[in-house]
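These notes are about the structure you will find just below.
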Amino acid sequence: MKKLRTVKGMNDILPPESARWHRLERAFRTTMRRHGFGEARPPIVEPTALFVRSIGEATDIVEKEMYTFTDRGEKSLTLRPEGTASCARAYLQHNVQAIEPVTKWFYVGPMYRRERPAKGRYRQFYQAGAELYGDPGPYVDAEMIDMIVSFLRELGVEDVEVMVNSLGSGETRARFREALVAYLEPFADQLSADSQRRLHVNPLRVLDSKAPQDQEIAEGAPNILEYLGDEDREHFDEVRATLTALGTPFVVSPRLVRGLDYYTRTLFEIRGRGGELGAQNALCGGGRYDGMIEELGGKKTPAIGFAMGLERLLLAMPEEEDAGRVDVFVIARSPSLRREVVSVCRDLRASGLSVDADLRGGSLKSQMRRANKNAPLAIIVGEDEVERGVLQIKNLSDSSQHEATRAGAPALIRELLG
RNA sequence: GUGGGUGUAGCUCAGUGGUAGAGCACUGGAUUGUGGCUCCGGACGUCGCGGGUUCAAUUCCCGUCAUUCACCCCA
């Protein structure tokens, strides 16, 4: 029989690796709570039109990466390729702008894009992100970037580069686009095949092409920051000044352009420089999308958001010591004491400790070995102890042994765990 | 999607045209109430899968799948 396996580009996350995921997600939720963001949990499947309208028809995601299928009711559905569109849909659907002026949501979950898998790039991948509706910035823009950098630092990811840019608002973008196409057209036959195709579909994307010939041409291209209108310029200046005041390092990258069409004004990307990351080093991307809510049929509502790739974050995070699966491992001196061991475990767990035991009836030695691997403390249950109603608690790191009554054990264990 | 590399034990990897090895991990013991270190023993592989060449293929060839690197894209 053919072996069943995961779909290409989709991975099982199992213990002990899943423990690192939990730590990461817990840290993210803590940060979000501190900043007043509440969790939004939209469905993974959405109407295809949502993504086409918000992300943009000419983007790679919509053109060739979505998992789109027709369900039995003949509706076109799509596995979400990102989180911003779903949040915007929910924000509109539940008329949230009518109940509060400013809304702060975060989300964590899997996203789906049918790309060629590589290290740090999978077809099902996890993102943690946030959206903030109703505040035009620039202060929340800077605050969001600073929040992400602080979060990364807490995870031990310090070696990062924060790139910021402004795409201006609608009119700015249109004027710049015109100037850019005018500049690029004479070079059309020198551009890479990809960029030639993009020249009219999505010319901004030519700017961050990695092809050497494109980069050379992009060097001389007009600078979007010089096309910003007065209000856009003031907005961007204040984002930068606030970041500077916060002491958050960043570089202005006028050629930073992201692959989703909905961005306006503030745009940012955070790249890691850790060796594990390889070419997929974009840890976080985000920006302002003041036009999206209106385009989806709502009232004009400014918004800004970001998303981080959790697989990449995990690659960038430093290795951490394995602290052991449980607090205490309980050992039976002889197989006939296993019933007693189960009882001891039950009582310790009731006090809130995490406890495990090897109940297969193996030798004391083999149980000790497992204890050593799985917990900092071991409890040895022998005939003598049962008779006297006590427990022997052994600290496996310094070999010291302590005696406690069954009732007094949890307190002593907590003390030993520090 | 394009081009290249790599698939041998759970992991990291040697190796050979005559059907396989190391280290780590796992496991039993040395030690009749105690783990880690050391020593002795044990289990573990359809050599990714399919086809071809050959008396014989894990080894050579082709295909395929997986993975990885670059491009691409992006988180």
Side-chain angles (χ1 to χ4, degrees), chain A residues 1-3 5-11 14 55 59-65 80-84 108-129 148 192-195 197-198 202 205 208-215 256-260 268-272 277-287 305-316 324 329 331-334 337 358 360 362-386 392-401:
Chain A
M1 192 176 17
K2 189 143 195 254
K3 263 189 206 152
R5 47 162 304 130
T6 51
V7 170
K8 186 188 184 82
M10 306 203 180
N11 303 303
L14 304 172
I55 297 172
T59 58
D60 282 15
I61 292 176
V62 170
E63 269 180 1
K64 50 195 188 198
E65 296 175 0
R80 63 180 184 193
E82 54 108 53
T84 298
V108 183
M111 305 295 164
Y112 302 84
R113 293 183 200 172
R114 200 181 178 289
E115 298 178 89
R116 179 135 166 188
K119 188 201 246 177
R121 178 171 76 184
Y122 305 102
R123 291 180 171 187
Q124 173 178 292
F125 63 102
Y126 287 76
Q127 283 190 337
I148 299 162
S192 68
D194 281 318
S195 287
R197 187 176 52 79
R198 286 190 290 238
N202 203 340
R205 300 286 307 288
D208 66 349
S209 167
K210 275 184 214 157
Q213 70 268 37
D214 293 355
Q215 287 193 339
L256 173 66
V257 169
R258 318 207 68 261
L260 294 82
F268 59 92
E269 182 167 311
I270 300 177
R271 293 189 187 156
L277 277 173
Q280 315 302 327
N281 65 349
L283 294 174
C284 172
F306 72 91
M308 296 186 291
L310 300 192
E311 286 86 352
R312 293 181 189 181
L313 226 42
L314 254 4
L315 286 173
F329 205 88
I331 287 167
R333 177 65 203 102
S334 71
L337 291 165
D358 187 339
R360 296 171 304 172
S363 67
L364 178 60
K365 182 195 187 75
S366 68
Q367 291 182 71
M368 282 298 288
R369 275 209 260 247
R370 276 196 69 190
N372 194 47
K373 211 160 294 168
N374 291 301
L377 300 178
I379 287 180
I380 297 150
V381 176
E383 289 81 0
D384 179 49
E385 285 82 7
V386 173
Q392 290 291 339
I393 301 163
K394 178 159 186 159
N395 185 336
L396 293 168
S397 53
D398 65 9
S399 296
S400 63
Q401 203 151 321

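Chain identifiers are assigned alphabetically (A, B, ...) following the order of the sequence lines, protein sequences preceding nucleic acid strands; residue numbering begins at 1 within each chain. Bear in mind the structure is a predicted one, so any value in this text is a computation, not a measurement.
- Protein atom CZ of A/R369 is 9 Å distant from nucleotide atom P of B/rC37, rounded to whole Å.
- In a base pair of the Watson-Crick type (N1 to N3 plus N6-O4 or O6-N4) or a G-U wobble (N1-O2 and O6-N3), with each distance short of 3.5 Å, B/rA56 is matched with no nucleotide.
- For A/S399, whose side chain is taken as the heavy atoms from C-beta onward, the closest listed nucleotide among B/rG4, B/rC74, B/rG36 is B/rG36.
- Heavy atoms of A/Y122 sit under 4.0 angstrom from at least one base atom.
- Base contact: A/E385 has a heavy atom under 4.0 Å from a base atom.
- Using a 4.0 Å heavy-atom distance criterion, A/G129 is classed as making no nucleic acid contact.
- B/rA14 is unpaired under the criterion used here, namely a Watson-Crick or G-U wobble arrangement in which both key atom distances are under 3.5 Å.
- Heavy atoms of A/E82 sit nowhere under 4.0 angstrom from any nucleic acid atom.
- Residue A/R113 is classed as a base contact, given a heavy-atom separation below 4.0 Å to a base.
- Figure legend. B/rU31 is base-paired to no nucleotide; pairs are counted as Watson-Crick or G-U wobble with both atom distances under 3.5 Å.
- When all heavy atoms are compared, the tightest approach of A/L256 to A/E269 is CD1-OE1, 3.7 Å.
- A/S334 comes within 4.0 angstrom of no nucleic acid atom, judged by non-hydrogen atoms across all strands.
- Across all strands, A/L396 comes closer than 4.0 Å to base atoms (heavy-atom distances).
- Within the nucleic acid shown, A/K365 comes within 4.0 Å of at least one base atom, counting heavy atoms only.
- Distances shown here put every side-chain N or O of A/R312 at or beyond 4.0 Å from the OP1 or OP2 atom of B/rA75.
- The partner of B/rG45 cannot be assigned: no Watson-Crick or G-U wobble pair with both contacts below 3.5 Å exists in any strand.
- Residue contacts for A/Q280: at a heavy-atom cut-off of 4.0 Å it reaches a base atom on one of the strands shown.
- Among the heavy atoms of the strands, none lies under 4.0 Å from A/A371.
- Comparing B/rG28, B/rA75, B/rG35 by their nearest atom to the side chain of A/F125 picks out B/rA75.
- Across all strands shown, B/rC71 pairs with B/rG1; the Watson-Crick or G-U wobble distances both stay below 3.5 Å.
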